[in-house]
Each structure stands twice: as structure tokens, then as C-alpha cells.
Colleague: 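Just passing along the structure, written as C-alpha cells.
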Amino acid sequence: MADLTTKEIQENLDILWLLIGAYLVFFMQCGFALLEAGSVRAKNTKNILLKNVLDACLGAFIWWFMGFPIALGDSSGKFAGGKDFFMMDLTKELTNNPTYFATWMFQWAFAATAATIVSGAVAERCKFVAYLVYTTALTAFIYPVVVHWAWSSEGWLSAWVSKDEKPFLKANGFMDFAGSGVVHMTGGAAALMGSIFLGPRTGRFTPAGSVVDMPGHSTVLAALGTFILWFGWYGFNPVSTLAFEYMGDAARVAVTTTLAAATGGCTTLAIHVALKNPPDVFPALNGILAGLVSITGPCPVVEPWAAAFIGFVGGFVYYGSSTLLKKLQIDDPLDAAPVHFFCGIWGVLSVGLFAEKSYTKSVYGKDEDSYGAFMGGGGKQLGNQIIGVLAIIGWVCFTCSIVFGSLKALKLLRVSAEDEEVGLDSSHHGGDAYNFEAGRGKTVS
């Protein structure tokens with residue numbers, strides 16, 4: 001074997017780094033599956049697990065066919081890409097970018113995450129055909145457009161182009177390192193719209209407006225799933241450095257990710273107990289996820305103390321938004337919108353508040369005077385973050401309203417009351433996930 005040049009060694013290390021990240025983020029699908037299965041009633045376990053399986057299978061096909069080309073394919077416009085459908089035109093990419101395939105894998109794992117967020121919010125009453133339609137729309141077009149805006153070198157929101165090339169934004173552009181906005185706000189906004197159009201589960205709210213508790217069937221599965229998600233987040237955030245040479249940044253990101261997750265979990269549990277509730281596992285689990293979502297955008301540009309504070313506030317954002325949705329009688333069985341949408345907004349805005357000057361210059365390096373407002377950087381970067389939040393909300397809510405509204409108008413969105421009562425496993429998937437009679441034996445006369 002010929003000796004490798006220094007450049008080839010660096011390229012191979014970059015590919016390895018991206019592949020490791022892709023595998024870790026993909027393993028988060030296992031975490032989502034366990035968390036969602038444990039958080040629904042036993043009679044709907046098969047249904048939620050099948051959706052998680054297809055988020056990976058169907059999602060990979062759609063990402064290959066259409067999602068990735070729109071997200072990161074070349075184009076002359078700022079709105080969306082438009083090249084390499086089915087990977088049919090690879091010559092330029094493989095010549096100029098040896099990490100092309102590894103990048104595809106890494107970004108596919110992110111796309112699968114965005115799609116999976118929605119399934120928890122619409123659990124226990126959504127038709128399977130509706131799932132197929134909204135997942136296809138989200139993976140093929142809605143999410144990829146947001147990726148192109150923020151992460152493509154051509155996107156109008158992107159922080160990855162020079163300042164002079166920006167047609168609209170100034171300073172450092174929209175800074176969302178690993179996707180508080182791009183991934184989590186997008187998935188969370190879609191989840192919120194799905195919950196609104198579907199309506200609450202039968203019996204979830206009384207005529208007087210009180211909330212009827214509908215606990216999931218397995219705290220064990222939910223806890224294991226959350227720990228797997230936390231583990232997978234070390235692929236989500238540190239590996240978003242995208243290159244092996246930035247190990248110092250990756251290590252710092254791992255620390256900020258850890259502190260935000262831990263603080264979010266402790267804070268949410270403390271709020272729950274302070275409101276005269278017994279200590280429970282689920283508030284802590286969702287608090288951990290709230291902290292993780294909140295730190296995903298600012299993870300490389302904030303100090304450890306700021307990361308802990310971001311996770312702390314994320315706990316309040318989650319708990320407050322969850323309570324608000326219940327007051328509005330919007331039923332979200334997994335609290336997907338509070339965790340991903342509302343904490344995603346907080347994560348994006350926290351960049352404009354707490355981004356530290358030297359880290360911002362190191363990671364983004366365009367306008368060194370645009371960083372966190374609370375760190376002395378003024379309001380320019382915060383303004384960019386607000387524009388990004390509004391753009392993502394407008395795009396995702398508008399497009400998802402069309403998707404879910406059309407499904408509802410065609411009576412393809414929600415299962416019948418009878419099927420919901422029996423459970424989707426029996427009514428739609430050939431039988432229950434659990435056979436509680438097995439093992440009891442039969443009485444022999």
C-alpha cells in the first residue's frame with residue numbers, strides 16, 4: 001500500500017470522525033424508540049415502534065432521493081438546493097469533497113431525528129397513512145429547506161458564507177451549530193401543528209378543562225431511552241465540528257452539552273417538586289432532554305457556566321410550555337413540542353445572548369464584534385438569531401398546516417374512536433405488542 005500524504009491522512013480522519021458521529025446520532029433512534037414506547041399506553045406500542053423503524057428506513061430512501069439534494073445540493077439560489085437527486089451526479093462532489101458520503105450519512109441521521117420528533121406528539125390517534133404522508137413531506141422538503149437556509153454555504157441564513165455574500169443578514173449570520181433551530185425547532189413545530197390538527201386523545205381533557213392523566217406503560221423503557229439519547233447527543237454536538245482537527249472545540253462542546261443536560265434535569269425535577277408534586281422520573285427525563293435541546297445551538301460558543309445556566313432556563317421553558325399546552329387543551333403525549341420547539345427557540349436565542357467573543361471568532365470567524373449581547377457584543381447577533389427563529393416558525397408552521405390540514409379535510413388524519421379505544425396495535429397492526437396471558441399456563445381439566 002502506498003504511503004498516505006498528510007492531506008490524505010487528514011481527510012481519512014475527517015471521514016472517520018463524521019462516520020462515528022453518524023453512528024452515534026443514528027443510535028439515538030433506539031433511544032427515541034424506547035422513550036416513545038415507554039411513554040404511550042401498552043395498547044399502542046407496536047404502532048409507535050413501527051413509526052420509529054420507518055423513520056430510519058423510509059427516511060433513508062427519501063433523503064437519498066430528494067432530501068439531501070435540496071438540503072445541501074448545489075443551486076444558484078438561496079432558498080433550496082437542487083442537484084444530485086439519487087446521487088446521480090457525483091463527479092464534482094467526490095473531486096472537491098472527499099467527505100461527501102460521510103457527510104451524507106451524518107446529515108441523514110439528523111434528518112431521521114427531526115422526523116422522529118413528530119411521531120411522539122401525534123401518538124395514539126394518528127392514522128398510519130397520515131404518518132407516511134407527513135414524514136415524507138418533512139424529510140423530502142420541509143426540513144431540507146431549513147437545512148439549506150442555515151447550513152449550506154449558499155443559504156440566505158447561513159453563517160458559513162462570507163459577510164459580503166449575504167443578501168440579507170449581516171455580521172456572523174444565523175449561528176445554530178448543531179441544530180437547536182434547524183433540527184429541533186423544525187421537528188417540534190411540525191409536532192405542534194400535528195397535535196393541533198389531530199386534537200386531543202379521547203378522554204384527555206374533561207368538559208370542565210381538567211387534565212386526565214394518561215401515563216405511559218413503562219418508566220423503565222422511557223428512562224433507558226433518555227440515557228441513550230443523552231449518549232447519542234455526543235455525536236450530535238461534538239461531531240458537528242465536522243473535522244478531526246477541531247478536537248479542542250469538540251471537547252469543550254462535550255462539556256457544555258453535559259452541564260446543560262444535567263442542569264436541565266435537576267431544574268425540572270425541582271420545579272415539579274416545588275409545585276407540591278411527588279418526585280417523579282418523567283419530569284427529570286424531559287428536563288434532561290430540554291437541557292440538551294437548549295445547548296445544541298450554542299454549544300461551541302459559550303462558557304461552561306453559561307451552558308449550565310442555559311440548561312437551567314431550559315428546564316423552566318420546558319415546564320412552562322408543557323403547562324401552557326395543557327391549559328390550551330393541546331395534547332402532546334411525549335411533550336415533543338415543549339422539549340424540541342420551545343427549548344429549541346431558547347437555544348437559538350441563547351446564542352445571541354451568551355456567545356463568547358473568542359469562541360465565536362474561532363468557530364465562525366467573520367465579524368468578531370458580533371457575539372452575545374450579555375457578553376458585550378451588542379444586539380447584532382441576537383437580531384440574526386431572532387430572524388432565524390421567525391423564519392423557521394413561519395416556514396414549518398405554514399407548510400405543516402397545509403400537510404395536516406389536507407389530511408384532515410380528506411379524513412385521513414385521525415383513527416376512529418373505536419380503533420382508538422381498542423388500541424392501534426390490535427386495530428391496525430395485527431395484535432398487541434404484549435401477550436400478558438403468555439406464561440400463565442392453561443388449566444388442564
Side-chain angles (χ1 to χ4, degrees), residues 10 13-14 17-18 21 25 72 99 103 106-107 110 147 149-155 157-166 169-184 233-260 292-311 344 346-389:
Q10 181 63 53
L13 288 173
D14 291 346
W17 182 234
L18 286 170
V25 177
L72 296 171
T99 63
T103 300
F106 191 55
Q107 291 295 334
F110 275 56
V147 172
W149 289 356
W151 287 345
S152 168
S153 61
E154 300 172 320
L157 275 174
S158 180
W160 308 114
V161 297
S162 70
K163 181 171 63 175
D164 294 337
E165 292 177 341
K166 292 186 181 303
L169 296 178
K170 303 296 182 183
N172 281 317
F174 174 66
M175 298 196 304
D176 184 19
F177 189 72
S180 286
V182 175
V183 179
H184 295 284
W233 233 284
Y234 294 119
F236 219 100
N237 288 2
V239 183
S240 287
T241 55
L242 303 182
F244 203 77
E245 62 185 292
Y246 302 121
M247 284 298 107
D249 291 328
R252 183 175 70 253
V253 168
V255 170
T256 57
T257 299
T258 300
L259 291 173
L292 289 167
V293 170
S294 299
I295 199 61
T296 297
C299 56
V301 294
V302 297
E303 296 279 7
W305 68 264
F309 183 75
I310 289 168
W346 163 237
V348 170
L349 296 180
S350 67
V351 177
L353 298 174
F354 296 104
E356 197 270 335
K357 182 176 182 178
S358 63
Y359 293 155
T360 302
K361 182 179 179 181
S362 172
V363 175
Y364 293 96
K366 295 178 184 65
D367 186 344
E368 60 184 59
D369 294 325
S370 293
Y371 50 99
F374 290 166
M375 310 302 289
K380 287 195 295 183
Q381 194 57 51
L382 179 59
N384 284 351
Q385 302 305 110
I386 293 172
I387 291 170
V389 165

Colleague: Roughly how far apart are Trp160 CH2 and Asn172 CG, rounded to 0.5 Å?
Modeller: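 One finds 9.5 Å between CH2 of Trp160 and CG of Asn172.
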Colleague: Given 3.5 Å as the limit, does a donor-acceptor pair link the side chain of Gln381 with the main chain of Ala373, or not?
Modeller: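 Here the side-chain-to-backbone pair does not exist.
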Colleague: How long is the span from the OG atom in Ser370 to the NZ atom in Lys361, to the nearest 0.5 Å?
Modeller: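 If I round to the nearest 0.5 Å, the distance is 13.0 Å.
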Colleague: Quick one: pull up CG in Leu242 and OG1 in Thr103 and give me the separation to the nearest 0.5 Å.
Modeller: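 Rounded to the nearest 0.5 Å, the CG-OG1 separation comes out at 7.0 Å.
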Colleague: Please tabulate, one pair per line, all N/O donor-acceptor pairs under 3.5 Å involving side-chain atoms of residues 293-307, not counting sequence neighbours.
Modeller:
residue	atom	partner	partner atom	Å
Ser294	OG	Ala290	O	2.7
Thr296	OG1	Trp233	NE1	2.9
Thr296	OG1	Leu292	O	2.7

Colleague: Who pairs with Glu356 by side-chain hydrogen bond (donor to acceptor under 3.5 Å, both in side chains), at least two apart in sequence or on another chain?
Modeller: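 Glu356 satisfies side-chain hydrogen bond (donor to acceptor under 3.5 Å, both in side chains) with Ser358 once adjacent residues are dropped.
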Colleague: Return the set of residues passing side-chain hydrogen bond (donor to acceptor under 3.5 Å, both in side chains) with Glu245 (not counting sequence neighbours), or none when no residue passes.
Modeller: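 Once residues adjacent in sequence are excluded, Glu245 has no partner under the side-chain hydrogen bond (donor to acceptor under 3.5 Å, both in side chains) criterion.
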Colleague: Under a 3.5 Å distance rule, please check whether Asn384 uses its side chain to pair with a backbone N or O of Phe174 as donor and acceptor.
Modeller: no
Colleague: After noting the C-alpha distance and the side-chain angles of Val183 and Phe236, does the key distance pass the side chain to side chain contact (heavy atoms under 4.5 Å, CB included) rule?
Modeller: CA-CA 11 Å; Val183 179; Phe236 219 100; 3.8 Å; yes
Colleague: Looking only at atom types and distance, does a side-chain atom of Glu154 sit under 3.5 Å from a main-chain N or O of Trp149, one as donor and one as acceptor?
Modeller: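 A pair under 3.5 Å: no.
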Colleague: Return a table of donor-acceptor pairs under 3.5 angstrom between the side chains of residues 348-355 and protein atoms on other chains or two or more places apart.
Modeller:
residue	atom	partner	partner atom	Å
Ser350	OG	Trp346	O	3.3
Ser350	OG	Gly347	O	2.7

Colleague: I need the Phe244 CZ to Leu13 CG distance, nearest 0.5 Å.
Modeller: 5.0 Å
Colleague: Does Tyr359, at its OH atom, have more than 12 non-hydrogen atoms belonging to other residues, nucleotides or ligands within less than 6.0 Å?
Modeller: yes
Colleague: Could you walk me through whether Thr257 and Asn237 pass the side chain to side chain donor-acceptor pair (under 3.5 Å) test, one step at a time?
Modeller: CA-CA 7 Å; Thr257 299; Asn237 288 2; 3.0 Å; yes
Colleague: If we ignore hydrogens and angles and just use 3.5 Å, is the side chain of Trp151 paired with the main-chain N or O of Asp176 as donor and acceptor?
Modeller: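 Side chain of Trp151 to backbone of Asp176, a donor-acceptor pair under 3.5 Å: yes, one is there.
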Colleague: Please enumerate all residues that pass side-chain contact (heavy atoms from CB on, under 4.5 Å) together with Ala251, with sequence neighbours excluded.
Modeller: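 None.
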Colleague: I'd like to check Thr360 versus Met175 (side-chain heavy atoms, cut-off strictly below 4.5 Å). Are they in contact?
Modeller: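 Yes, close enough: below the 4.5 Å cut-off.
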Colleague: Which residues pass the salt bridge (Lys or Arg N to Asp or Glu O under 4.0 Å) test with Asp249, not counting sequence neighbours?
Modeller: Arg252
Colleague: Tyr364: which residues meet the side-chain hydrogen bond (donor to acceptor under 3.5 Å, both in side chains) condition with it, sequence neighbours left out?
Modeller: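 Checked Tyr364 against side-chain hydrogen bond (donor to acceptor under 3.5 Å, both in side chains); zero matches.
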Colleague: With a 4.5 Å heavy-atom cut-off, do Phe110 and Val25 have their side chains touching?
Modeller: yes
Colleague: Using the test side-chain hydrogen bond (donor to acceptor under 3.5 Å, both in side chains), find all partners of Thr241 that sit at least two apart in sequence or belong to another chain.
Modeller: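 Result, side-chain hydrogen bond (donor to acceptor under 3.5 Å, both in side chains) vs Thr241: Trp17.
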